[in-house]
There are 2 protein chains.
Amino acid sequence: MFVKANEINLISKTTNMKNSQLYKGSLNTIIMKLLEEKGRMYGYEITQKVKEITQGELNITEGALYPALHKLEAEGLLDVEMEKVDNRLRKYYKLTEKGTTETVNRLAELEDFIKNMQSIVNPKLSY
Amino acid sequence: MFVKANEINLISKTTNMKNSQLYKGSLNTIIMKLLEEKGRMYGYEITQKVKEITQGELNITEGALYPALHKLEAEGLLDVEMEKVDNRLRKYYKLTEKGTTETVNRLAELEDFIKNMQSIVNPKLSY
DNA sequence: TTCTTATACATTAGAAACTTATGTATAAAA
DNA sequence: TTTTATACATAAGTTTCTAATGTATAAGAA
């Protein structure tokens, strides 16, 4: 899609994966969790779902999403089915068995990560 | 130095194949939060403190830590003082005024990040 | 009707944060 | 006396992202 010169900055400020570096490394976990919940989703749908859940705060860029999906597929964690809807191509992704198992691990890791970060940020409470 | 089986580096568990990329991007926030709390710390002390807080789960590597400290200093967020203790060099870092302000922002971002991740992982509860 | 936005996929150059390995040096413990 | 702990550092290579670009169709606004 083309974007005119003076719109680029405005758009990219609200379009990228939120300022902070914190989201780095969390994309795969997000994708896998959403697929676990929904059964199957296509790429664009994932970006919209994440935007909705985070009330527009987290916007997954296509340059991050599609390579991530391809990689998860290559690792055998996702299966893909192509479908044509309204004369437009969709690639529906779903977790493989291996992917489902791995999702459990990743979610456990996410919980650990959050606990650890909270321990650092809020040393008074011990999690 | 060797890293034992169960420890996470700033990214991955060495032997365990478990791939927790989640810590990627959180190092600066960790450093700044600890400095805010402690007043001043030196690099090695930071690694030990994080290890202690996370009960050995998060092990910051030197190759990640020192460049991060140098960069924060270059950005004017940290000040450094050299001291010789027991005939060994220590570089004590502390937050500048700018760094203190920035720490507030980064901690707010971390909170947002955690909230968003929890919204994705646990869609039933709305945070 | 024509221009723009939305939907839907994709790739690539470059930035940034890491890992892994290596290096120097001193002090304490086994 | 050999290893581990303390304390700094850099550098090559990997991964994950951003920003930009590309193709194509459908819907909505001007």
Side-chain angles (χ1 to χ4, degrees), chain A residues 1-5 7-31 41-49 51 58-75 80-93, chain B residues 1-4 7-15 19-31 41-49 51 58-75 80-93:
Chain A
M1 175 169 58
F2 278 103
V3 182
K4 282 183 182 168
E7 291 176 337
I8 290 173
N9 288 330
L10 257 178
I11 288 172
S12 60
K13 266 178 192 163
T14 51
T15 297
N16 58 23
M17 199 149 156
K18 192 64 185 176
N19 40 30
S20 72
Q21 302 281 355
L22 294 168
Y23 292 90
K24 204 157 219 163
S26 63
L27 179 56
N28 287 340
T29 304
I30 291 172
I31 291 170
M41 296 179 85
Y42 56 99
Y44 186 77
E45 187 184 9
I46 292 172
T47 66
Q48 299 311 299
K49 185 70 180 171
K51 200 184 283 187
L58 178 52
N59 289 284
I60 298 171
T61 61
E62 295 158 299
L65 178 71
Y66 293 115
L69 288 171
H70 301 160
K71 202 189 172 202
L72 289 170
E73 191 195 346
E75 289 167 353
V80 66
E81 286 165 22
M82 315 258 287
E83 259 178 58
K84 208 158 196 179
V85 180
D86 290 330
N87 205 33
R88 257 200 239 94
L89 186 74
R90 282 185 189 170
K91 290 178 78 174
Y92 279 96
Y93 289 91
Chain B
M1 199 175 5
F2 282 99
V3 181
K4 282 178 194 159
E7 296 171 352
I8 296 179
N9 303 340
L10 232 224
I11 290 307
S12 58
K13 293 195 177 180
T14 4
T15 47
N19 125 46
S20 182
Q21 301 273 65
L22 295 167
Y23 291 92
K24 211 160 216 167
S26 62
L27 180 55
N28 287 341
T29 304
I30 291 172
I31 290 170
M41 297 179 86
Y42 56 99
Y44 186 77
E45 188 185 7
I46 291 172
T47 65
Q48 299 311 297
K49 185 68 180 171
K51 200 184 283 185
L58 178 52
N59 206 33
I60 297 173
T61 61
E62 295 157 300
L65 179 70
Y66 292 115
L69 288 171
H70 300 160
K71 203 190 173 200
L72 289 171
E73 192 196 347
E75 289 167 352
V80 65
E81 286 164 24
M82 314 258 288
E83 260 178 58
K84 207 157 197 180
V85 180
D86 290 330
N87 205 33
R88 260 200 237 95
L89 185 73
R90 283 185 188 169
K91 290 178 77 173
Y92 280 95
Y93 290 91

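Any value given below was found using the heavy atoms of this structure, including those in side chains, with hydrogens, waters and symmetry copies removed. Just so we're on the same page: letters track the sequence lines, and every chain starts at 1.
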Would you kindly give the CD-to-P distance between B:Glu45 and D:dA5, to the nearest whole Å? 18 Å
Of all the choices, D:dT18, D:dA9, C:dT11, which nucleotide is nearest to the side chain of A:Ala64 once you look at every atom? D:dT18
First locate atom CZ of B:Arg90, then atom CD of B:Glu81, and finally report the distance between them rounded to the nearest 0.5 Å. 13.5 Å
List the atom of A:Gly43, the atom of A:Leu65, and the distance in Å for their closest heavy-atom pair. O-CD2, 3.2 Å
Atom CG of A:Leu22 and atom C1' of D:dT18 are separated, to the nearest Å, by 16 Å
For A:Leu65 and B:Asn28, take the nucleotide of DNA chain C holding the closest heavy atom to each; which residue's nucleotide lies nearer the 5' end? A:Leu65
Is A:Lys71 near enough to D:dT16 that one of its side-chain N or O atoms lies under 4.0 angstrom from OP1 or OP2? yes
Looking for any heavy atom pair under 4.0 Å, which part of the strands does B:Gly63 touch: base, sugar-phosphate only, or nothing? base
Please report, rounded to the nearest Å, how far the P atom of D:dT16 is from the CG atom of A:Leu69. 13 Å
What nucleotide among D:dT15, D:dC8, C:dA8 has an atom nearest to a side-chain atom of B:Tyr66? D:dC8
Rounded to whole Å, CG of A:Leu72 lies from P of D:dC17 at a distance of 10 Å
What is the separation between atom CD1 on A:Ile46 and atom C1' on C:dT7, rounded to the nearest whole Å? 15 Å
Whole angstroms only, please: what is the CD-C1' distance between A:Glu81 and C:dC9? 17 Å
Separation of A:Tyr23 OH from A:Asn59 CG (nearest 0.5 Å): 10.0 Å
Below the 4.0 Å mark, does D:dT10 have OP1 or OP2 next to a side-chain nitrogen or oxygen of B:His70? yes
From B:Lys71 atom NZ to B:Ile31 atom CD1, the distance as rounded to the nearest 0.5 Å: 11.5 Å
Counting any heavy atom closer than 4.0 Å, what does A:Glu62 reach on the DNA or RNA strands: base, sugar-phosphate only, or nothing? base
Taking every non-hydrogen atom, the tightest pair across B:Ala68 and B:Asn28: CB-OD1, 3.8 Å
If I take atom CD in residue A:Gln21 and atom P in nucleotide D:dT15, what distance separates them, rounded to the nearest angstrom? 18 Å
Of the non-hydrogen atoms in A:Tyr66 and A:Tyr44, which two are nearest, and what is the gap between them? OH-N, 4.0 Å
Please state how far atom CE in B:Met41 lies from atom P in D:dA7, giving the value in whole angstrom units. 12 Å
Among C:dA10, D:dA7, C:dT7, the one nearest any side-chain atom of B:Tyr42 is D:dA7
Among D:dA9, C:dT19, D:dT15, find the nucleotide with the atom closest to the side chain of B:Tyr93. D:dA9
DNA chain D contacts made by residues 84-91 of chain A, counting heavy atoms under 4.0 Å: A:Asp86, A:Asn87, A:Arg88
Between B:Ile60 and B:Thr47, the two heavy atoms sitting closest are O-CG2, 3.8 Å
